[in-house]
Amino acid sequence: KDALINLLESAKDELCVVVGYCLRRAGQSANKSGKTTVFKLGGNYDPTNAFTAKELQESERIKIRIRGTGLGCALIPKQVFEKITFPWFKWVVYNDKSKLSEDLFFCSKCREAKIPMYVDTRVNCGHMMRYIENI
């Protein structure tokens with residue numbers, strides 16, 4: 001219920017993107033281990049480089065810098081879109097046939113523009129697909 005207040009508080013001191021976290025979609029193998037869609041700095045977009053919900057829930061830090069994430073619950077100031085080049089969202093297929101979602105493409109654009117991204121550990125969200133797939 002305090003998601004917006006918490007995200008605004010975490011973003012108040014700098015131009016940045018702040019997100020809440022959720023478990024990976026139902027049906028994805030990483031979901032069984034409690035992996036989130038929040039990727040740690042210094043790695044890549046591999047589920048083995050993602051935080052678990054437990055790590056985020058038990059963290060003593062409220063705001064953690066991240067590499068990227070899904071954007072299901074995100075505070076993105078208008079100035080971010082003014083600093084990064086268009087297109088902001090785009091599905092990308094690489095030579096090895098791996099795909100980068102439109103969310104992670106946006107995160108890569110933010111990194112290129114030196115716009116930091118954070119997860120607010122107080123904002124825990126459900127993934128919409130978890131509910132749709134169970135209807």
Side-chain angles (χ1 to χ4, degrees):
K1 69 179 183 187
D2 295 331
L4 181 57
I5 292 167
N6 291 335
L7 295 175
L8 285 166
E9 180 182 299
S10 287
K12 70 180 177 187
D13 295 328
E14 66 179 317
L15 178 62
C16 62
V17 174
V18 183
V19 300
Y21 67 94
C22 64
L23 288 175
R24 294 178 65 82
R25 286 194 315 253
Q28 292 181 332
S29 60
N31 186 23
K32 294 180 177 67
S33 64
K35 291 283 186 182
T36 68
T37 60
V38 180
F39 297 95
K40 300 174 184 178
L41 279 178
N44 55 23
Y45 294 127
D46 182 307
T48 61
N49 188 45
F51 285 99
T52 64
K54 184 176 181 177
E55 286 176 303
L56 293 171
Q57 291 163 355
E58 294 179 354
S59 175
E60 293 182 13
R61 294 173 26 207
I62 291 173
K63 184 175 161 182
I64 300 173
R65 183 115 183 235
I66 60 173
R67 176 178 180 79
T69 185
L71 298 171
C73 179
L75 179 71
I76 307 171
K78 179 181 91 164
Q79 294 88 341
V80 169
F81 294 101
E82 295 167 350
K83 281 192 79 170
I84 63 177
T85 58
F86 187 84
W88 304 305
F89 301 96
K90 178 179 172 184
W91 282 90
V92 178
V93 178
Y94 292 99
N95 291 337
D96 66 357
K97 306 294 185 230
S98 62
K99 292 182 181 177
L100 180 64
S101 76
E102 75 280 13
D103 295 342
L104 298 179
F105 178 83
F106 174 82
C107 296
S108 295
K109 299 285 271 191
C110 287
R111 274 197 326 281
E112 289 171 9
K114 308 256 187 281
I115 298 169
M117 298 189 73
Y118 299 94
V119 61
D120 186 317
T121 60
R122 301 170 293 182
V123 183
N124 181 355
C125 309
H127 198 291
M128 186 71 159
M129 290 305 294
R130 296 175 60 85
Y131 305 106
I132 292 172
E133 291 173 355
N134 291 323
I135 294 177

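Since the structure is predicted, the reported quantities are computational estimates derived from the model, not experimental observations. Position 1 is the first residue of the sequence, and the numbers go up from there.
Here the side chains of Cys107 and Tyr45 are in contact, with some heavy-atom distance below 4.5 Å. For the pair Lys83 and Ile115, the minimum side-chain heavy-atom distance is below 4.5 Å. Inter-residue side-chain proximity for Val123 and Tyr21 is flagged as unmet; no heavy-atom pair is nearer than 4.5 Å.
Counting only distance, with no hydrogens or angles, the side chain of Thr121 and the backbone of Glu60 share no donor-acceptor pair below 3.5 Å. Distance alone, capped at 3.5 Å, is enough to place a donor-acceptor pair between the Ser108 side chain and the Leu104 backbone. Side chain of Asn49 to main chain of Lys40: a donor-acceptor pair is present (N/O by atom type, distance under 3.5 Å, no hydrogens or angles).
The two residues Val17 and Cys110 come nearest to each other via the heavy atoms CG2-SG, 4.1 Å. Across Thr52 and Thr36, no two heavy atoms sit closer than the pair C-CG2, 3.8 Å. Taking every heavy atom of both residues into account, Phe105 and Pro87 meet most closely at CE2-O, 3.3 Å. Contact detail for Lys109 and Thr85: the closest heavy-atom pair is NZ-OG1, 2.6 Å.
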Can you give the donor-acceptor pairs under 3.5 Å from side chains of residues 62-78 to other protein atoms, not counting sequence neighbours?
{"unit_1": "Lys63", "atom_1": "NZ", "unit_2": "Ser10", "atom_2": "O", "d": "2.8"}
{"unit_1": "Arg67", "atom_1": "NE", "unit_2": "Gly43", "atom_2": "O", "d": "3.2"}
{"unit_1": "Arg67", "atom_1": "NH1", "unit_2": "Gly43", "atom_2": "O", "d": "3.2"}
{"unit_1": "Thr69", "atom_1": "OG1", "unit_2": "Thr37", "atom_2": "O", "d": "2.8"}
{"unit_1": "Thr69", "atom_1": "OG1", "unit_2": "Thr37", "atom_2": "OG1", "d": "3.4"}

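Cluster annotation: Met117 and Val18 are assigned to distinct hydrophobic clusters (Ile/Leu/Val/Met/Phe/Trp/Tyr, side-chain heavy-atom contacts under 4.5 Å, transitive). When the side chains of ILVMFWY residues are joined at heavy-atom separations under 4.5 Å, either directly or via intervening members, Phe51 and Val19 end up in a single hydrophobic cluster.
The side chain to side chain donor-acceptor pair (under 3.5 Å) search around Glu112 returns none, not counting sequence neighbours. Remark: Phe106 engages Phe81, Phe89 in a ring pair (Phe, Tyr, Trp, His ring centres under 6.0 Å) (not counting sequence neighbours).
To the nearest 0.5 Å, atom CD of residue Glu9 and atom CG of residue Leu4 are 11.5 Å apart. The CG atom of Leu56 lies 10.0 Å from the CG atom of Asp120; values are rounded to the nearest 0.5 Å. The CZ atom of Arg122 lies 3.5 Å from the CG atom of Asn6; values are rounded to the nearest 0.5 Å.
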**OP:** Output, in order, the C-alpha distance, side-chain angles, deciding distance and verdict of side-chain hydrogen bond (donor to acceptor under 3.5 Å, both in side chains) for Tyr118 and Glu14.
**Re:** CA-CA 11 Å; Tyr118 299 94; Glu14 66 179 317; 2.7 Å; yes
